[in-house]
Amino acid sequence: MLTESPGAMPAVLTGSDGRSSPSFVALLAVFSIETIAINLARLPESMRFDRFAFCDHGANLTLQYLIDNGLRPSLDFGYHYGLLPALVGRIWFAVFGATPWAYQGAMLIADLLCAWALAKILSQLKIGVIGIALAIITLGYSFQASYINFAHAIEAVLLSHALAQQLRSSRSTSLALCAAAVFDKPSMGYIYGLVLVVLIVRDLAGTDSAPRRIAAALAPATIVFVSLAITLSAIFGMHTVLHTALPIEGATAYHALNYGLLGTGREFWDPQKFPWTYYAIDVAGFWIAGTLFLFGSALLQLRRADHSKLPIKEAILTCAILHLAFLVLFFGNQWSWIYYPYLLTIGVAVATGVGPTSRRVGVILCAVALISYTDLAYWTHRWWQTTTRDAATAGLWAPEDERQEWQQVLSSTHRHKVVMLDSMGAAELLFPGFENPVSLFLTRGLMQRDDVRRKLAQLATAEVAVVPITIEACSGVPDAPEFRDALKSFDLAWEGKHFQVYRRRAAP
């Protein structure tokens, strides 16, 4: 077992290479300031009108509306996350209001909690200045300024703190955090929990009273698991808990959408439409180089028996195993790299402190990571220059042409029975005049028969249907033949760059 670290740390700690490493407080201050700065810089992107009106971000608001109206996640409507984010969302929105700004506030809190975990990890391991520099540079990639769902933000908090606890010799606490992650997003929590159970059993199997000590080590996770199962069952129902605690819905959606590293996810690491310079100016280049370095470092650690660097070895191997699990099991489309980049960046930062060669590679990776912000910096600047907030878009950022078109949609559909025909989002909740939402996701692999039935019932009595058409991955008529058939009773009354408006054809 690892030895427990002292409760109080001095201002400066000496690393394994004999050099100084910043204290936890210093790192926490740096990461917190950087996190706040990143969140402010990316506000026009995080608070985009189309993200909340027609895409995943808005689904967080619609989820609560559907639950309030008696519908059960995963049973009555398509839902592929756990129930913990639904519960957290209910509490958060009850306190701060069900608004996009309240959601973004939760994202900032989650990022600060992740920064806290990162500071604990790096100060505990004392990895040296290059690893610290790499962690500072890659913080903008490690944790997202705005996750698409509460589930991703909560999982990042739970797993990053689980890693911090593991490296402080508190594997029981780490396993308990993984047990909570299972009810948040039934994916990586299972893999990480299995890794921790193996480590616990390995270390205690040959000791006196091994069964009792193993049971004691597993007890906190058991208590957390049972407590959450009972609490969530009391709120949402036992059948809902059973259906959402296993990755059934997620696996179905991944298969239906051809997700995976070699499926639609290939566009991230092998984009056919971009030249080779794409790898230099986008995160994909650093992500690929960092992955190779992490896996190579993990293989080298397996061959070494230096017990003085056991915490570093365990950190590298754990991050490598979890990153591999992500590549093989949980990689979705080209944007899904944002789910677990902190596992990669933490593992890479720690690996740079192993020896002189690793430090030299770390310097190169720092340069690659800095250059990789070129694309992000360009788009961040562009969003500030080309988008503005407006009451017409619920106080969210949108470009001028989209804002004008949306105003035209609202004015042309006023005093009509209007249905939003989109895949997800919360336009019906953000703007009065639309029929209330009846589904969460109308996408292949996630929409259920009842989702389709309820939306068709709305269309059957609607006078107007509005379809967003230019938002990547969230636009167009939902991919089901029933909706295309239903639109045969409508005529395309107006089409812009961003929206289509259909009016019911007059009876002959």
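All residue numbers refer to positions in the sequence shown, counting from 1.
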Task: Gap between atom OG of S169 and atom CG of L310 - 0.5 Å precision - done: 9.0 Å
- [ ] Spell out, as yes or no, whether a donor-acceptor pair under 3.5 Å connects the side chain of Y190 to the backbone of A181.
- [x] no
Open item on the list: Quick one, K185 and L159 - any side-chain contact, counting heavy atoms below 4.5 Å?
Closed with: no
- [ ] Check whether more than 12 heavy atoms from other residues, nucleotides or ligands sit under 6.0 Å from atom CH2 of W116, and answer yes or no.
- [x] no
Task: Check: G425 main-chain N/O paired with T62 side-chain donor or acceptor under 3.5 Å - done: yes
Open item on the list: Measuring only between side-chain heavy atoms, which start at C-beta, is L122 closer than 4.5 Å to F31?
Closed with: yes
Open item on the list: Looking at T231 and L228, would you say the former's side chain and the latter's main chain have a donor-acceptor pair under 3.5 Å?
Closed with: no
Open item on the list: Once you measure the plane-to-plane angle for H323 and F326, does it fall in the parallel (<30°), tilted (30-60°) or perpendicular (>60°) bin?
Closed with: tilted
Open item on the list: Parallel, tilted or perpendicular, judged at 30° and 60°: which one describes the rings of Y340 and F330?
Closed with: tilted
TODO: Answer yes or no: is there an ion pair linking E402 with R48, defined by an N-O contact shorter than 4.0 Å?
DONE: no
Open item on the list: Between C319 and L163, is there a side-chain heavy-atom distance shorter than 4.5 Å?
Closed with: yes
Task: Heavy-atom side-chain contact between N39 and Q104 under 4.5 Å - done: yes
Task: Ionic contact status for R51 with E45, cut-off 4.0 Å - done: yes
Task: Student check: side-chain heavy atoms of Q166 and Y192 closer than 4.5 Å - done: yes
Task: Test item: F225 and F183 side chains (from C-beta on) under 4.5 Å apart, heavy atoms - done: yes
Task: Any Q272 side-chain heavy atom under 4.5 Å of D270 side chain - done: yes
- [ ] Side-chain contact test, heavy atoms from C-beta onward, threshold under 4.5 Å: evaluate it for T244 versus Y81 and give yes or no.
- [x] no
Task: Minimum-distance pair of heavy atoms, taken over all atoms of E155 and Y342 - done: O-OH, 3.8 Å
TODO: Decide yes or no on side chain to side chain contact (heavy atoms under 4.5 Å, CB included) for L376 and Y141, but give the supporting numbers first.
DONE: CA-CA 10 Å; L376 178 60; Y141 290 140; 4.2 Å; yes
- [ ] Applying side-chain contact (heavy atoms from CB on, under 4.5 Å) between D282 and each of F286, Y278, Y279, report the one that passes.
- [x] Y278
TODO: Examine the side chains of S142 and T345 and answer whether a donor and an acceptor come within less than 3.5 Å of each other.
DONE: yes
- [ ] Kindly determine whether K120 and Q165 satisfy side chain to side chain contact (heavy atoms under 4.5 Å, CB included), including the steps that lead there.
- [x] CA-CA 9 Å; K120 287 198 296 184; Q165 290 299 319; 3.3 Å; yes
Open item on the list: I need the minimum non-hydrogen distance between E428 and P437, along with the two atoms involved.
Closed with: CB-CD, 3.7 Å
